**Student:** 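Structure below; questions to follow.
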2 protein chains.
Amino acid sequence: MAETRKSAKAPGVDGQDEANRRQALIRASARLFREKGFEATTVRDIAGAVGMRSGSPFYHFSNKQEILKAVMEEGLRQGLDRTEEALRAATTPQQRFHAMVRTHYGILHDEGSEFIAVLLYDWRSLPDEHKQDIIAVKDRYDLLWQASLKEMLDLGLIGANSQGGKASADEVKTARLMIMGAINFTVTWYKQRSGRGAMDLEALADRTVRFFMRGSA
Amino acid sequence: MAETRKSAKAPGVDGQDEANRRQALIRASARLFREKGFEATTVRDIAGAVGMRSGSPFYHFSNKQEILKAVMEEGLRQGLDRTEEALRAATTPQQRFHAMVRTHYGILHDEGSEFIAVLLYDWRSLPDEHKQDIIAVKDRYDLLWQASLKEMLDLGLIGANSQGGKASADEVKTARLMIMGAINFTVTWYKQRSGRGAMDLEALADRTVRFFMRGSA
DNA sequence: CCTACCGATCGGTAGG
DNA sequence: CCTACCGATCGGTAGG
């Protein structure tokens, strides 16, 4: 009788195993996509990286594009979590700004954190019908940035007007595009040093904050 | 007797025709690479775009990667030309900085000027043995930026220290990476409006300069 | 999740 | 630069 069910095991355990394999595929794909790009990565590469045969990833994803979407979603989920966590420890506008910058560098460059770099690099490989879903989540992340940059602009700590005063929505958006652009573009040139790399990201974050902030240390 | 030669036509004319076809391939490839990426563009796409059959591009290039390299080289050649030309008309540090920013936006976004965007987007598709050749030319372009940014930093017109004074090599490099990063990242989000788009690039350049410059207009 | 496979497509070549 | 082609590889599927 039990054999007529999908599985004799407890459903929770099976679901866990399946979710684990799916996660392994997402992580391996992120690493491969980051290294050689979505188009240049084959399903066989992905399968091989987690010890599967070439057809098996399609048990977890209906096609290659779905894997790309899952990688991007995972990146945004982790990114939002890490950012909200980092913001909890910051109490001043300057601290919040530094936390945003430092955390974003981690999201982009930490080992095992290739998801957002893939989002930036391989955006055009994502089918149009998936783009809106990703944008909706990304918007939430951008709002965290806007909040931080707005208070910095109002105080005259970044941007052209060192007197501060209420920054317009346009000024906030420009600040976000310029600052996030500068940080995001590091995916094209920043390489983690061997050994402990966290130190270097720290230095990069400090230099970035120092460059954008008025008369900072 | 003449038929034993490669061609009965004057060699100059033949060389011109061949160079023209080669240029057409480079331009069409740039547009296609920019649109869907190097890996997702097929040799058949490229051939079709200039009215050739699938095997014919290989009369001009020994393989697909050589086309990518040629696209990047063309971009740097044009970019250097345009930048030097723009700098000739500028006399103050502020004018030179604005000219660098404005020209770079044109290089990235003008119609028919997709070469540098391809360089940025598809860098990892370029075989390692070609990278150094491209970097060597790119270094010359970066030096123009460094010169402009150094004088701006020395005057305290950009960067953290509004007092100015001799900027260190590290400060100059950081400024270049941040500012060029911000501008280069526009390839991922900036879309030319319909109709005359030059106006919009002008506005984007103005906003960029205003954001990075101390208390500017 | 594997075995075995398929149709389509790809970069590239030979020989004019 | 075309015709005609090839070997390799790719994403994906059927049927366990």
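First the proteins, then the strands, lettered A, B, ... as listed; each starts at 1. Keep in mind that this is a model prediction, so the values were computed, not measured. All values below were derived from every heavy atom in this structure, side-chain atoms included, with hydrogens, water molecules and symmetry-related copies excluded.
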**Student:** Could you check how far NZ of A/Lys36 sits from C1' of D/dT9, rounded to whole Å?
**Tutor:** 13 Å
**Student:** Among side-chain atoms of B/Asp206 and B/His98, is any donor-acceptor pair under 3.5 angstrom?
**Tutor:** yes
**Student:** In whole angstrom, what separates A/Met52's CE from C/dC1's P?
**Tutor:** 4 Å
**Student:** Tell which nucleotide pairs with D/dA14, taking only Watson-Crick or G-U wobble pairs whose two distances are both under 3.5 angstrom.
**Tutor:** C/dT3
**Student:** For the pair made of NE2 in A/His60 and C1' in D/dG11, what is the distance, rounded to whole Å?
**Tutor:** 17 Å
**Student:** To the nearest Å, how far apart are A/Gln65 CD and D/dC10 P?
**Tutor:** 15 Å
**Student:** Whole angstroms only, please: what is the CD-C1' distance between A/Glu39 and C/dT9?
**Tutor:** 14 Å
**Student:** Nearest to the side chain of B/Arg53 - D/dG11, D/dT3, C/dG11?
**Tutor:** D/dT3
**Student:** Counting any heavy atom closer than 4.0 Å, what does B/Ser56 reach on the DNA or RNA strands: base, sugar-phosphate only, or nothing?
**Tutor:** base
**Student:** Take atom CZ of B/Phe61 and atom C1' of C/dG11, then tell me their distance rounded to the nearest Å.
**Tutor:** 15 Å
**Student:** Quick one: do the B/Tyr105 and B/Thr208 side chains pair a donor with an acceptor below 3.5 Å?
**Tutor:** yes
**Student:** Rounded to the nearest Å, what distance is computed from the CZ atom of residue B/Phe58 to the P atom of nucleotide C/dC10?
**Tutor:** 12 Å
**Student:** For the residue pair A/His104 and A/Asn184, confirm or rule out a side-chain donor-acceptor distance under 3.5 Å.
**Tutor:** yes
**Student:** Under 4.0 Å between a side-chain N or O of A/Arg44 and OP1 or OP2 of D/dT9?
**Tutor:** no
**Student:** Which whole-number value in Å describes the distance from B/Asp45 CG to C/dT9 P?
**Tutor:** 12 Å
**Student:** For A/Ala40 and for A/Gly55, find the nucleotide of DNA chain D with the closest heavy atom, then tell me which residue's nucleotide is more 5'.
**Tutor:** A/Ala40
**Student:** Heavy-atom distance under 4.5 Å between the side chains of A/Ile158 and A/Ile179, does that happen here?
**Tutor:** yes
